[in-house]
**Student:** 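Encoded as structure tokens, here's the structure I'll be asking about.
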Amino acid sequence: MTSYFLKRVFYMALTLFGASILIFFLYALTPGDFVDTSPKLTAERKLELKAMYGLDKPVVERYFIWMKNAFQGDFGYSLQYQQPVMSLLNDYIWNSFLLAITSTFFTWLIAISIGVLSAARQHSWFDALVTIGVFAAMSLPVFFVGLLFIKLFAVDAKLFPAGGMMTIGSKEAGFAYAWDVVQHMFLPVTVLTLLSVGTLTRYFRTNMLEVIQQDFVRTARAKGLKEKVVLHKHALRNALLPAITLLGFELPALFGGAIITEKIFNWPGVGQLYMQAFSVRDYPLLMGFTMFLAILTVIGNLSADLLYRVADPRVRLK
Amino acid sequence: MDSNLLEVRRLKKYYPITGGLFGRTIGHVKAVDDVSFSIQKGETFGLVGESGSGKSTTGRTILRLLEKTEGEVRFQGIDVHALNRQELRALRPRMQYIFQDPYSSLNPRVRIGEALGEALLDHGLLPQTQVRERVLEVMALCGLAPYHVDRYPHEFSGGQRQRIGIARAIMMNPDFIVADEPVSALDVSIQAQIINLFAELQEQRKLTYLFISHDLSVVEHLCTRIGVMYLGSLMELAPRDELFLEPLHPYTKALLSSVPLPIPKKKRERIVLQGDMPSPANPPAGCKFHTRCPYVKDICRQEVPAFREVSTDRFVACHLV
Amino acid sequence: MNALVEIQNLSTYFKSEQGVVKAVDALELRVHEGETVCIVGESGCGKSAAAMSLMRLIPEAVGSIVSGEIWFAGRDLRKVSKEEMRKLRGNELAMIFQEPMSSLNPVLTIGEQIMEPIMEHQGLSKKAAQARAIELIELVGIPRAKEIAKSYPYELSGGMLQRIMIAIAISCNPRLLIADEPTTALDVTIQAQILDLLRKIKDEAQTAILFITHDLGVVAEMADHVVVMYAGKVVEVSPVVELFEEPKHPYTQGLLRSKPVLNQRRAKLYSIPGQVPNPTTLGESCYFHDRCDQCLDICRVKQPPLRDGGDGRKVACWLYEEESVRGQ
Amino acid sequence: MASTVSEVAEVTRPEQVALRSSLWHEAFLRLKKKRLAMVGLVFLLVMAVVCFIGPFFSPYASGKINTAMINKPPSFSHWLGTDSLGRDILTRLMQAGRISLTVGIASMVLSVSIGALLGALAGFYRGWVDQVIMRVADVLMTIPGLPLLFIMGAVLSEWKIPTDYRIYIVMVMLSLIGWPGLARMVRSQMLTLRESEFMQAAEVLGLRDRRKLFFHLLPNLTPLLIVVATLNVGGAILSESVLSYFGLGVVPPTPTWGNMMDAANTLIDFQKRPWLWVPPGIAIFATVISINLLGDGLRDALDPKQKR
């Protein structure tokens, strides 16, 4: 167990090292940066700024400086916002998290319920409907659904606000404030849920159908247990087990923000911040955030693995 | 001595168990633990034992489908584990293997005719033009119809698939065949057909078999000499009549008395062994059988009994014999 | 004496890609209190399907019972409601299976799995059920019962798990125990242990056992009565001694002759030629006719009925019919 | 339950004396029975024909700017209306479909070739080859796909690539993020196959490596590759559309479904002229769902054992 863990950590470090090289050089080799593109600056001022940000040093040296700082938790300084990247991320990340955690909750709720239901009613019209729904959800282009929803429900029907996190100029507090946010959350959460629910439902449906074919489910029925117990206790527990791994993989999505959705709904999260940074070529921010995502992915993979080991009695001891 | 086709000397196959901080080897699964026997030309040597006794691993290590840990395997005087890849490949046609599950040992996407003929081509044993003729001939010998040539494995029943497995093994005219539980997956009525096929082919082609099985009645029917394995080691080795009529090792006795006979009312005094076979990763000290032996003595717990010849051609590893 | 189980004309059909499979075809079966009846036959003969039909556990997706009556202790199980049937299962009717490894839920402890039917059917409290579970584990001959109750299935060997399955099955003192190839996946020495245990249960609790197997040796050891099945049909019913001494149906004869027997050496084994017919293309003939070495003309065109010979034996074969009946 | 099912499987042996049977033909027959997959297949064929041949029958195929017909809603002469330059939306949609489908298929071919080759190499040779390939794949998979695509798209804009070439670069980008997952899948399949009993049988027969690889291993990989390749086209079309919508992929004047939707970035077009951006969105959705349905049907048809 420990040796396995150490090996995983070693590979993690190796992978992150590779990722950092990839990220850094992709940006470093790109002509033009924030300083270059800014039309207001004079040539001397540009050189001055470049020296200040260390942009005049050789590429390899810049990489090591960047890495050294990253190890100390410093992912650079956003040129656009004039703030450290980490504090910037910290300002925006919780908004993303709110959106992501809510939609994750609904996604799992729906996927598990549908999975169990279709196992109970195999080969029914319900099951057929689920199959089509799943494929539809898996095939949706995010930005299009987002736009369509805004057009239909916000612009035309005026049921929900079109974007943002709260009504502009609103000075509400307490419950009224919360309600305002919930209203703003409704559309983006719906879109996010719709996007991820397809894959997860399909996963649960397949898992449940597989599990209820197994011998121990037959045993549970032969014991005269109620069908509800057979499905919820015996079958679902086994179907959930491999799914625990997925929770780990959700990690980067939870904190990494839903880039496109946030952009479309103008949600003040890291995704939105990221897309902004693109338009002004704020490279330190882009690099910092991308590296942050890579770290989250690696940690997510590792925790997925560990979670599975904790959850499954068969591998727990080994 | 020179009539020995195969000689296995002190063969060991250990699998390392890794653990600890740096994945060091902290122990071994002793799948095959110091096994010695020889097989004479033209005989059928049976290897019996329960699951986990290491009989299949022995068979696979002999043909070098697995690399040995220690010991020696000599086939017609050639040290099989000392050959390089080319030499081993050249030796392959002379010793073949028949698998327990005929389905998984056939490539699902290769037609039977090609599966049977490919080795002849690959080894350049026959020109392309004669391969098909040879395939059809061997198929007929094994009870398969000519139109089966273009079929895929999934189109056959279990018994027919095992016929294909046998046909593939004898295609290159081998001298020696390891048959690993070849009839265990088959129904009784089909089992009899395959057992008879084994006997017929042996007679016609002077084949030598190493027949691995857990079914004592099948082994008794087919084999001339039999080795009984337990936890990776041979407990007893004897010619058929001696072994079945007068077993010496307590394990052999228990094994024989456990087999249910299709004779109702026949009351036998039966030795029902207690408990399970211990794990081969952690075998008991002394005699490996002592934890379940009804006649266990103190010495059995402390000393490993030698595998010794007690009378002509009879070997036993037991302190009490 | 009234039979505990009396199955009449039971047919269960399976759906398959090639068509309908008559998995169980007009089955007749009787099990008396305290008696062991063995159903013997090769794979695909419908012996397991018969047991699953009796438990009413054939999944809808696989097939369904199409006709017949299943009388159990005075009730037709085909007519009781789903809920009532559920209350019978695990309670008066219990079942154990071939693969003990996969038949237990890998993520629940052994103790919990034994407690479930006790709490469900006998309404015992959790604590009482726990105590009863430990008692049962000891009863089936496993030492250190308290530790075992806390362990998970993967920590135990196949033989131990089959004992646990038996403990679960007998937890509510069933009147009928169905054992579907309970020792097929086990080694001979372990098989001997399990057969001993089942015999002990039968003797002590007078539980009737319906034992399904393909192994004639096991049949000889366990059965009082034997039912031989071939391609979904019962071909012979007989008390065990008579069956082995004087098998009547050519299939039974062939089976007995083709099995090598310890210490009875033969130069060559008899083998039944050919193979089991494709169940989707069965016609009006006797299903065994093309493999039978005593085949008559009528066998090719008409199925023989299962005829009671009056001596407690039944056989479905034209050889034992009167000349006048055959001629029709 | 499992035993009753397997019992049926055991006895239902096709004994009909069909002459030379073919695995591909059997698979096709199975596919034909999957209604949803066939709907997907037919739709895709129609879509391809319409996109590639349709423009030839359109009077507006030249794409000339028509100032008199700017931003007109759907009418009899312009079924889906016209855009801000007075071009016919339906014709643009078909022309864009050509590009989107081509990009999807081309990047699939590229990523499947790279992925299958590298995965097979890693799985067959193992050792350091495996280590190097899989570590590179790990790195690429560590950065989530979309951000990576955005970065590359942004870099692309900076390098001032001529717009005509961007379409090729987009294909390369898509395959670059597509291959690692594929390679990993092929590798693990390869490792499983290597351990399979029929490969042991091949070893017993003393077959050459070349024969083992080309005659035994690769044919067993093809069903998986076909399924993955199909599903990959859908993924590529989706990614391309996102990228182009944000101006980081294929850029005008080359039309794609994604960059046609750029119209939605203008407030007035978005609110008042949905015919500009809704049709391409629906085209993407319909194409991708068809591909997914087809892919799922293929999975069942090519490997009937895997799923019931």
Side-chain angles (χ1 to χ4, degrees), chain B residues 60 63-66 85-111 113-116 118-125 145 147-161 165 168-169 171-172 174 177-178 180 187, chain D residues 3 6-30 125 189-190 192-226 301-306:
Chain B
R60 285 177 189 232
L63 285 205
R64 207 172 156 190
L65 285 176
L66 298 170
R85 274 178 65 83
Q86 270 72 37
E87 292 165 336
L88 182 66
R89 202 179 92 79
L91 187 69
R92 287 273 180 230
R94 287 159 67 187
M95 38 185 220
Q96 285 295 300
Y97 199 90
I98 294 170
F99 295 82
Q100 167 173 8
D101 181 352
Y103 190 56
S104 61
S105 61
L106 288 166
N107 188 336
R109 305 191 78 82
V110 175
R111 292 176 204 274
E114 292 169 69
L116 292 178
E118 60 171 344
L120 290 173
L121 280 174
D122 215 41
H123 284 281
L125 297 175
Y147 70 86
H148 286 149
V149 155
D150 289 329
R151 294 287 181 90
Y152 286 98
H154 72 266
E155 298 174 88
F156 293 89
S157 67
Q160 285 171 319
R161 283 179 201 145
R168 179 171 61 184
M171 191 59 72
M172 292 187 285
I177 292 178
V178 177
D180 186 1
D187 275 318
Chain D
S3 83
S6 66
E7 221 172 86
V8 181
E10 179 66 29
V11 285
T12 49
R13 289 159 195 147
E15 289 300 319
Q16 300 88 345
V17 187
L19 287 167
R20 207 179 150 90
S21 57
S22 148
L23 291 180
W24 295 113
H25 186 232
E26 275 175 32
F28 181 67
L29 291 182
R30 277 195 295 270
Y125 287 108
Q189 183 81 2
M190 198 80 169
T192 318
L193 284 172
R194 270 186 74 115
E195 297 305 313
S196 71
E197 206 142 77
F198 67 79
M199 287 314 293
Q200 299 234 6
E203 173 60 31
V204 172
L205 292 173
L207 302 182
R208 287 169 214 274
D209 275 0
R210 208 172 17 153
R211 190 172 189 88
K212 282 186 194 164
L213 184 62
F214 291 105
F215 201 70
H216 290 279
L217 290 173
L218 291 183
N220 277 288
L221 278 177
T222 28
L224 174 81
L225 281 182
I226 290 173
L302 290 171
D303 196 357
K305 280 168 292 157
Q306 216 168 42

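Quick note on labels: first sequence line is chain A, next is B, and so on, each numbered from 1. If you're wondering where the values come from, they're calculated on a predicted model, not measured in any experiment.
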**Student:** Mind ranking B:Val149, B:Leu65, B:Asp101 by heavy-atom pairs under 4.5 Å with chain D and telling me who comes out on top?
**Tutor:** B:Leu65

**Student:** About how many Å separate CD of D:Glu203 and CG of B:Leu63, when rounded to the nearest 0.5 Å?
**Tutor:** 10.0 Å

**Student:** Test B:Tyr97 against D:Gln200 for side chain to side chain contact (heavy atoms under 4.5 Å, CB included), laying out the working first.
**Tutor:** CA-CA 9 Å; B:Tyr97 199 90; D:Gln200 299 234 6; over 6 Å; no

**Student:** Work out which heavy atom in B:Arg89 is nearest to a heavy atom in D:Gly206; give both atom names and the distance.
**Tutor:** NH1-O, 2.6 Å

**Student:** For chain D, which candidate among B:Glu118, B:His123, B:Arg85 shows the most heavy-atom pairs at distances under 4.5 Å?
**Tutor:** B:Glu118

**Student:** Do B:Met172 and D:Leu205 have side chains that approach each other closer than 4.5 Å (heavy atoms only, starting at C-beta)?
**Tutor:** yes

**Student:** If I measure from the heavy atoms of chain D, does B:Arg168 come under 4.5 Å with its side chain, its backbone, both, or neither?
**Tutor:** both

**Student:** Less than 4.0 angstrom from a charged side-chain N to a carboxylate O is my criterion; do D:Glu26 and B:Arg151 meet it?
**Tutor:** no

**Student:** B:Asp122 and D:Arg208: which non-hydrogen atoms are nearest, and at how many Å?
**Tutor:** OD2-N, 2.6 Å

**Student:** So, do D:Glu197 and B:Tyr103 sit near enough that their side-chain heavy atoms are less than 4.5 Å apart?
**Tutor:** no

**Student:** Tabulate, in ascending numerical order, the residues of residues 216-225 of chain D having at least one heavy atom closer than 4.5 Å to a heavy atom of chain B, or enter 'none'.
**Tutor:** D:His216, D:Pro219, D:Asn220, D:Pro223

**Student:** On a heavy-atom basis, which atom in D:Phe198 and which in B:Leu106 lie closest, and how many Å separate them?
**Tutor:** CB-C, 3.6 Å

**Student:** Any side-chain heavy atom of D:Val204 sitting closer than 4.5 Å to one from B:Phe99?
**Tutor:** yes

**Student:** Specify the closest pair of heavy atoms between B:Ser105 and D:Ala201, including all atoms of both residues, with the distance to one decimal.
**Tutor:** O-CB, 3.7 Å

